[in-house]
Amino acid sequence: MRKILGAMLAAAMLMAAMPAAAEPADVAGAFAMDDRAEQDTALDESRQPVAVLGFLGLEYGDVALDVMAGGGYYSELMARAVGPEGFVLAHNPPGVVSQFNIEQIFAGRGIGADRVPNAASLPLAFDDFVLPPESVDFALFHMVFHDLWHEAESLPRTEPEPFLARLYAAMRPGAIVGIVDHVGPAGVDTRAEVAETHRIDPTVIRQVMENAGFVFEEELNLLRNPDDDHEASVFDPAIRGQTDRVVYRFRRPGRGD
């Protein structure tokens, strides 16, 4: 399995190793394609992907990583937006892949096939997460950064710091990490809060990312909701899909600084 995965990653990196001069990814064009699934378009209003990816700075030709991609909503959009010179690695831990039939969902999307050829499933546990050094231009955590503290049958306990250190090593100098997540109360135990509500204190996000070496650049306030009760579960029907969310852009220091 590791040899197959290594060959797949090498091919992906070679495909996008020499991108053209930097230009914004065509997120609006990907968003407007008329073959997008109905279950995806139903989420567009609450997620605002064109504005989010535009703010984060996804570029044409990027090698992009969708961390805990789930069913691939953002993986598909990013793969189409970065164009044939780019590539997307749709990551999920193996337990999540099996529990939620992710490979079947990806097959339905055409991930790695004719419909979305420049994307591939990346089934790796957080503790096994290793990519070639300085190989990724852009990484996205969409409402999953808190899962670095989550424990479930399909998601064994991990520690955020070692994972983020390996992520830092995989990012190219100047690469971007975007984080969208549900706002939780301040001053509480992160692991306990995640277990109860799937929320995270934004100061914890900044602290662990900066401790890993990433530099905080900017916040987009588009998804903030002052009416959200930060103590409610994000799955509460009264707030699901409308939670108060931060959108943070971090960068690995280096090229162009």
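Side chains included, hydrogens not; waters and symmetry mates left out as well; all remaining heavy atoms used. Index from 1, following the sequence.
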Value rounded to 0.5 Å, distance of [atom1] in [X] from [atom2] in [Y]:
X      : Y      : atom1 : atom2 : value
Glu210 : Thr203 : CD    : OG1   : 10.5 Å
Arg252 : Tyr168 : CZ    : OH    : 4.5 Å
Arg245 : Met143 : CZ    : CE    : 5.5 Å
Glu231 : Thr197 : CD    : OG1   : 9.0 Å
Phe126 : Asp147 : CZ    : CG    : 6.5 Å
Met78  : Leu58  : CE    : CG    : 7.0 Å

Using only atom types and a distance under 3.5 Å, with no angle test, would you say the side chain of [X] pairs donor to acceptor with the backbone of [Y]?
X      : Y      : result
Asp62  : Glu59  : yes
Asp244 : Asn225 : yes
Asn92  : Gly70  : yes
Asp26  : Gly83  : no
Asp137 : Val63  : yes
Asn118 : Ala79  : yes
Arg251 : Glu217 : no
Gln48  : Glu45  : yes

Pairwise side-chain contact, Asp236 with Asp229, heavy-atom cut-off 4.5 Å (strictly under): no
I'd like to know if Glu193 and Arg199 make a salt bridge, using a cut-off of under 4.0 Å between side-chain N and carboxylate O. no
I'd like to know if Glu159 and Arg191 make a salt bridge, using a cut-off of under 4.0 Å between side-chain N and carboxylate O. yes
Counting only heavy atoms not in Asp35, do more than 12 sit closer than 6.0 Å to its CG atom? yes
Take atom CD in Gln104; do more than 12 heavy atoms of anything else shown fall under 6.0 Å from it? no
Asp228 and Thr243: side-chain donor and acceptor closer than 3.5 Å? no
Check [X] against [Y] and note the closest heavy-atom contact, atom names and distance.
X      : Y      : result
Tyr73  : Arg109 : N-NH2, 3.4 Å
Phe141 : Phe145 : CD2-CD1, 3.7 Å
Pro185 : Asp201 : O-CB, 3.5 Å
Gln242 : Ser46  : NE2-CB, 4.0 Å
Val136 : Ala175 : O-CB, 3.4 Å

Which residues satisfy the ring-ring contact (aromatic ring centres under 6.0 Å, His included) test with Phe129, sequence neighbours excluded? His91, Phe163
